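This one's a predicted model, so the numbers in the text were calculated from it and none came from an experiment.
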Amino acid sequence: MARYPALIDGAKGAYGVVFPDLPGVVAMGGTLESAMLNAEAALQDAALEAERDGLALSPPSALEDVDVPVGSALSSILLVRAAPARRSVRLNLTLDAAVADIITSEADRRGMSRKRYVEWMTRRLAQIGG
């Protein structure tokens, strides 16, 4: 699992995230949460573009080796790689109504379909060992 250092700066209503190891990979958001979600997507997009071009991303620096400018905060973003496309399988699931509501709410918040959100979250949890 690769965790990339991320520098966060800004103020309420306008946050930015940059990756010291990946110049040009940036994200923004109106809240810290949206900036971090956008940073995760930007990191994933950078990895996909590098793969398409036959390149490798720079390896992540250790957090303790990152210089943090005044006014910035240091965090890290896990690179969640999408699995290659495979055949689809239909599953019939019965879920607790509250869990289904959470899936719908989180998918809507991220601009995803429920199917895509469940796939994304399952891969993410498997990668981080959750």
Taking side chain as C-beta onward, heavy atoms only, is [X] less than 4.5 Å from [Y]?
X: Met36; Y: Ser75; result: yes
X: Arg3; Y: Leu79; result: no
X: Pro59; Y: Asp21; result: no
X: Pro5; Y: Ser76; result: no
X: Ile8; Y: Ser72; result: no
X: Thr31; Y: Lys12; result: no

Rounded distance (nearest 0.5 Å) linking atom [atom1] of [X] with atom [atom2] of [Y]:
X: Asn92; Y: Thr94; atom1: CG; atom2: OG1; value: 8.0 Å
X: Leu22; Y: Ser58; atom1: CG; atom2: OG; value: 6.0 Å
X: Leu43; Y: Leu57; atom1: CG; atom2: CG; value: 7.0 Å
X: Tyr117; Y: Asp108; atom1: OH; atom2: CG; value: 11.0 Å
X: Ile102; Y: Met121; atom1: CD1; atom2: CE; value: 10.5 Å

Verdict with reasoning, Val17 to Leu7, per side-chain contact (heavy atoms from CB on, under 4.5 Å): CA-CA 5 Å; Val17 181; Leu7 296 171; over 6 Å; no
Shared hydrophobic cluster for Leu63 and Val18 (ILVMFWY, side-chain gaps under 4.5 Å):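 Same cluster.
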Do the side chain of [X] and the main chain of [Y] share a donor and acceptor less than 3.5 angstrom apart?
X: Asn38; Y: Ser34; answer: yes
X: Asp9; Y: Gly71; answer: no
X: Ser105; Y: Asp101; answer: no
X: Asp53; Y: Leu55; answer: no

Residues Arg110, Glu40: salt bridge by 4.0 Å N-O rule: no
Carboxylate-amine/guanidinium contact Glu106 Arg109, below 4.0 Å: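 So Glu106 pairs with Arg109 through a salt bridge.
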Pair Met28-Tyr15, side-chain contact (heavy atoms from CB on, under 4.5 Å): steps then yes or no: CA-CA 6 Å; Met28 296 174 14; Tyr15 295 97; over 6 Å; no
